[in-house]
Visitor: 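Just passing along the structure, written as structure tokens.
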Amino acid sequence: MTSPRRPSTIRLLFASSHPGPTVTVTVLAAVIATAVGYPFRVVVLVALAVVAGQLSIGLANDWIDADRDRAVGRSDKPVARGIIAVTTVRTAAFVTAGVAVVLSLFLGPVAAVAHVVLVAAGWAYDGGLKRTAASVVPFVVAFGLLPVVAVAAGPDGGWPATWAIATGAVFGVAIHCTNVLPDLVDDAATGVRGFPHRLGLHASGIVAFGSLVVAAVLVLVGQLGGDDPVRGAGAVLAVLGAVVVVVLAAVGVRLVLTGPPTRTLFRLVIASSLVLVVELGIAGAALVA
């Protein structure tokens, strides 16, 4: 009887990179760049720079948290299971960070600075801010800067509308809180007390899904207001999108208040982000200040 085939190093590194958030953030950036009307080459460059940065943040997280993940028996972490070396993940984290910086240089000065700060915020979280009351700050900064990276990457280096930056920042709060909720017990056992931990399960969940509602309202107001509002079918879809996000948020609050925290809460935020992606695509030129 043959033993099961060991996954390749590439697959193990991808599994160590937090692929769900990595793919979601990359799609968000690419959709924003597309909605603004940038050519395909610019959209691809934005996506490549962002995915490299997100890979580096996810890999750094698993490298730095390797001992903690082993201590609590995280079977979903290849490093914690011992099937990939910590040094391999660490090297990959630095390499992808370097690639992200190099690719950022081709996005233009504003987008390059914004993306480097975004990636640095993620590394700052991994490196220690996750243990403090300021753990939410890197998420607010990173997601708030994401529209800047995508919009400023074009030939003219435009600046996103204020509502788009605010939406990203608020969405970062929801991402952080729901991603941490299932790990509250394990984190407490290993000395991590970030922003959600200090709020507690119920308060943190309400803040997370309340933030989703705020994000939906910001996108809706951004689309229907201003100098270039959407009309007709676009306006109807914008309202429907906001309603869907509010419903998902209500489901999330109910789950937080009536049951144990699970990854379903995070998936609800991801689903809401996909709805917001569609809305941002509809917004088009309104994304530019």
Side-chain angles (χ1 to χ4, degrees), residues 18 20-22 24-25 54 57-58 60-74 76-77 80 117-146 165-218 245-246 248-273 276:
H18 298 227
T22 293
T24 300
V25 173
Q54 293 303 303
I57 294 169
N61 184 283
D62 273 23
W63 146 46
I64 293 171
D65 280 356
D67 290 338
R68 289 183 55 249
D69 290 337
R70 288 193 198 98
V72 296
R74 288 293 297 269
D76 58 325
K77 303 280 190 175
V117 173
L118 186 160
V119 175
W123 275 69
Y125 174 81
D126 293 341
L129 279 181
K130 68 166 59 179
R131 298 175 180 271
T132 73
S135 64
V136 71
V137 173
F139 284 83
V140 171
V141 171
F143 281 90
L145 285 175
L146 189 64
I165 297 174
T167 299
V170 172
F171 183 67
V173 177
I175 282 283
H176 177 40
C177 290
T178 53
N179 194 33
V180 167
L181 286 181
D183 301 325
L184 289 181
V185 174
D186 288 346
D187 286 345
T190 53
V192 174
R193 290 196 70 243
F195 176 73
H197 308 79
R198 295 164 196 255
L199 285 180
L201 171 60
H202 291 166
S204 184
I206 291 171
V207 167
F209 290 105
S211 298
L212 274 188
V213 174
V214 173
V217 171
L218 286 169
V245 173
V246 170
L248 290 175
V251 172
V253 170
R254 178 177 175 80
L255 290 176
V256 166
L257 296 178
T258 60
T262 67
R263 295 294 170 191
T264 299
L265 302 175
F266 184 66
R267 294 187 186 105
L268 286 173
V269 175
I270 295 298
S272 298
S273 75
L276 292 178

Visitor: Working to the nearest 0.5 angstrom, can you tell me the gap between L255 CG and T264 OG1?
Guide: 7.0 Å
Visitor: S135 side chain to R131 main-chain N or O, any donor-acceptor pair under 3.5 Å?
Guide: no
Visitor: Please determine whether side-chain contact (heavy atoms from CB on, under 4.5 Å) holds for the pair V170 and L218, giving the CA-CA distance in whole Å, both sets of side-chain angles, and the decisive distance to 0.1 Å.
Guide: CA-CA 9 Å; V170 172; L218 286 169; 4.2 Å; yes
Visitor: I need the minimum non-hydrogen distance between L201 and V256, along with the two atoms involved.
Guide: O-CG1, 3.8 Å
Visitor: Using every non-hydrogen atom in the two residues, find where G252 and L265 come nearest and quote the distance to one decimal.
Guide: O-CD2, 3.9 Å
Visitor: Please name the residue in the list T167, V25, V141, I165 that meets the side chain to side chain contact (heavy atoms under 4.5 Å, CB included) test with L146.
Guide: V25
Visitor: Give a yes or no on this: more than 12 heavy atoms of other residues, nucleotides or ligands lie within 6.0 Å of atom CZ of R198.
Guide: yes
Visitor: What class does the angle between the rings of Y125 and H176 fall in, given that below 30° is parallel, 30 to 60° is tilted and above 60° is perpendicular?
Guide: perpendicular
Visitor: If you take all heavy atoms of P138 and L129, which pair is closest and at what distance?
Guide: CG-CD1, 3.6 Å
Visitor: Is the shortest side-chain heavy-atom distance between F209 and C177 below 4.5 Å?
Guide: no
Visitor: With the side chain counted from C-beta on, respond yes when L268 and T178 share a heavy-atom pair under 4.5 Å apart, and no when they do not.
Guide: no
Visitor: Of the non-hydrogen atoms in L118 and L145, which two are nearest, and what is the gap between them?
Guide: N-CD1, 4.0 Å
